[in-house]
Visitor: 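This structure is in structure tokens; I'll ask about it shortly.
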Protein chains: 2
Amino acid sequence: MTITPAAGPDTSTLRGASTPARSRRGTGSYDDRRDRLADSALVTLGELGYARTSLREIAANSEFTHGVIHYYFRDKTELITYCVRYYKATCVTRYDDVIKDSTTADGLVRGFADKLVETITDEAPMHRLWYDLRTQSMFDAALREDVLYIDATLETMVWRVLERYAALAGRPVRLPSSTAYAMLDGVFERALLRHVCGDARALDQLHATVLGTLPLLLADA
Amino acid sequence: MTITPAAGPDTSTLRGASTPARSRRGTGSYDDRRDRLADSALVTLGELGYARTSLREIAANSEFTHGVIHYYFRDKTELITYCVRYYKATCVTRYDDVIKDSTTADGLVRGFADKLVETITDEAPMHRLWYDLRTQSMFDAALREDVLYIDATLETMVWRVLERYAALAGRPVRLPSSTAYAMLDGVFERALLRHVCGDARALDQLHATVLGTLPLLLADA
DNA sequence: AATGGGTCTTGACAACTGTCCAGAAGAAGG
DNA sequence: CCTTCTTCTGGACAGTTGTCAAGACCCATT
């Protein structure tokens, strides 16, 4: 998958627009290999966390050697930044099916809860990496622009779910988008923490919490 | 302030119970200097974040030299762990005055919102450090025990506020303690992120959000 | 004054980090 | 074949890290 940033922070790199589509060596185009490197990096980052992940470790878990990284990325910051944007593309559409396929308010709530549990089960390393990067942005200004942009994207993603829920229920959401997102994110982050720490009940509790909480976000009938 | 862990994870160090109360050198007792070292460390950690803070940096910002750290702490992990516990002691009583002094439900909500804004204004580095450590615990098992214990402590701290609020309002809280904490924590974390990133409206919005949201946590009249 | 032990300083060590570079490897075009 | 360009390798560099140890310092007791 080649990332195609539609909006948001500047995505230009050191290479001009005339990037060669075909490579001389290796498989796939220049951008393909860049993305595969970012893909490997994300796996390693999700495993070790931002702080402990070195460029050599990233390279070791990829098809490249450590020297190549500086061929595709100017420095570590550019690699991380690119990875963050790459990550975003993999998660913005996560709940679109829930929105599209639900025909009742209760069905949407169940589908949403199921999806939250599923994504923690399948993609916990990616989620903890996101929280890691978001927290790091409080110390490292270089990450802020991207983090805030992705956070806003996630907020609208959640808001689309709630708007559909409100429409199906015939009652408006009684909280602003920012508050609703912050609350649900807090619930999700807590469940992720418990789950990663080995709490077997974390996912069931998340499911129950979402079922019990989402109705409270709508105005009274 | 000397930390006196009442409950929670094991706090024992390499030194036995017969710790000398008076030192031969430096000012204060052995435990005093240990705490002052932890105090310096927390300031540095809050400034740079867990990942970027080295033992030499901690020592440079303290009254000690870098070698002393291994005299008071076995290794970096023990220092961090001690700091985390030390941190907890400084924040568990944060809202006790609000609980004690409030005489009306609305007054408690205002006092709580004021206090949240105040603590972000005054102690933002400490808060972002907490979120940093909590996130790191998802990657580093050594931190988990302490993090989960502190998180539980914060939950009961928030719960005490809500119980008092419910009593003053004459309506019960309609969410379990865990959910209520997760939601408010999400709102708080978001406000902190915005604030640290330079968003001047973050604190006003936090205040307004708390005023608007807390009533929703109680059952209908 | 001498001793002994708690406290602290200083320098060293190996391991690791991001970055850079000289050159090899390989494909495309002449 | 030879040249040219992209791609990649492997090593080197300087800086930083946690950890340790030899010894200096200082105070209390004898």
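All values below come from the heavy atoms of this structure, side chains included, with hydrogens, waters and symmetry mates left out. Just so it is clear, the structure is predicted and the values come from calculations on it, not from any experiment. Per chain, numbering begins at 1; letters A, B, ... match sequence-line order.
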Visitor: Rounded to the nearest angstrom, tell me the gap between atom CG in Leu48(B) and atom C1' in dT16(D).
Guide: 14 Å
Visitor: Could you state the CZ-P distance from Arg74(B) to dT19(D), rounded to the nearest angstrom?
Guide: 11 Å
Visitor: In whole Å, what is the span from the NZ atom of Lys76(B) to the C1' atom of dC20(D)?
Guide: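 Nearest whole value for this atom pair: 17 Å.
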Visitor: Please tell me which of Leu55(A) and Arg56(B) maps to the more 5' nucleotide of DNA chain C, matching each residue to the nucleotide holding its nearest heavy atom.
Guide: Arg56(B)
Visitor: Can you list the residues that meet the salt bridge (charged side-chain N to carboxylate O under 4.0 Å, His left out) rule with Glu63(A), with sequence neighbours excluded?
Guide: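 Glu63(A): salt bridge (charged side-chain N to carboxylate O under 4.0 Å, His left out) contacts with Arg36(A).
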Visitor: Separation of His70(B) atom NE2 from dG6(C) atom C1', in whole Å?
Guide: 19 Å
Visitor: Taking NE2 from His66(B) and C1' from dG11(C), how many angstroms apart are they, rounded to a whole number?
Guide: 8 Å
Visitor: Would you mind reading off the distance between Ile58(A) atom CD1 and dG18(C) atom P, rounded to a whole angstrom?
Guide: 8 Å
Visitor: In this structure, how many angstroms lie between the P atom of dT7(C) and the CG atom of Asp31(B), rounded?
Guide: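 Those two atoms, CG and P, are 10 Å apart.
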Visitor: Ring of Tyr82(A), cation from Arg34(A) - is the NZ or CZ under 6.0 Å from the centre and inside 45° of the axis?
Guide: yes
Visitor: Tell me: CZ of Arg34(A) to C1' of dT7(D), nearest whole Å?
Guide: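 Distance check: Arg34(A) CZ to dT7(D) C1' gives 15 Å.
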Visitor: Going by the side chain to side chain contact (heavy atoms under 4.5 Å, CB included) test, name the single residue among Asp39(A), Leu42(A), Leu133(A) that passes it with Tyr87(A).
Guide: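 The single option meeting the side chain to side chain contact (heavy atoms under 4.5 Å, CB included) with Tyr87(A) is Leu42(A).
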Visitor: If you look only at distance, which donor and acceptor atoms sit under 3.5 Å apart when one is on a side chain in residues 191-212 of chain A and the other is two or more places apart or in another chain?
Guide:
residue: Asp199(A); atom: OD1; partner: Arg201(A); partner atom: N; Å: 2.9
residue: Asp199(A); atom: OD1; partner: Arg201(A); partner atom: NE; Å: 3.2
residue: Asp199(A); atom: OD2; partner: Arg201(A); partner atom: NH2; Å: 3.4
residue: His207(A); atom: NE2; partner: Asp114(A); partner atom: OD1; Å: 2.6
residue: Thr209(A); atom: OG1; partner: Gln205(A); partner atom: O; Å: 2.7

Visitor: Does Tyr72(B) have a side-chain nitrogen or oxygen under 4.0 Å from the phosphate oxygens OP1 or OP2 of dC8(C)?
Guide: yes
Visitor: Do any side-chain nitrogens or oxygens of Ser54(A) fall under 4.0 Å of OP1 or OP2 in dC16(C)?
Guide: no
Visitor: Would you mind telling me which of dC20(C), dT9(C), dT7(C) lies closest to the side-chain atoms of Tyr71(B)?
Guide: dT7(C)
Visitor: Please state whether the phosphate of dC8(D), meaning OP1 or OP2, lies under 4.0 angstrom from any side-chain nitrogen or oxygen of Arg33(A).
Guide: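 For Arg33(A), the contact criterion (side-chain N or O under 4.0 Å from OP1 or OP2 of dC8(D)) is met.
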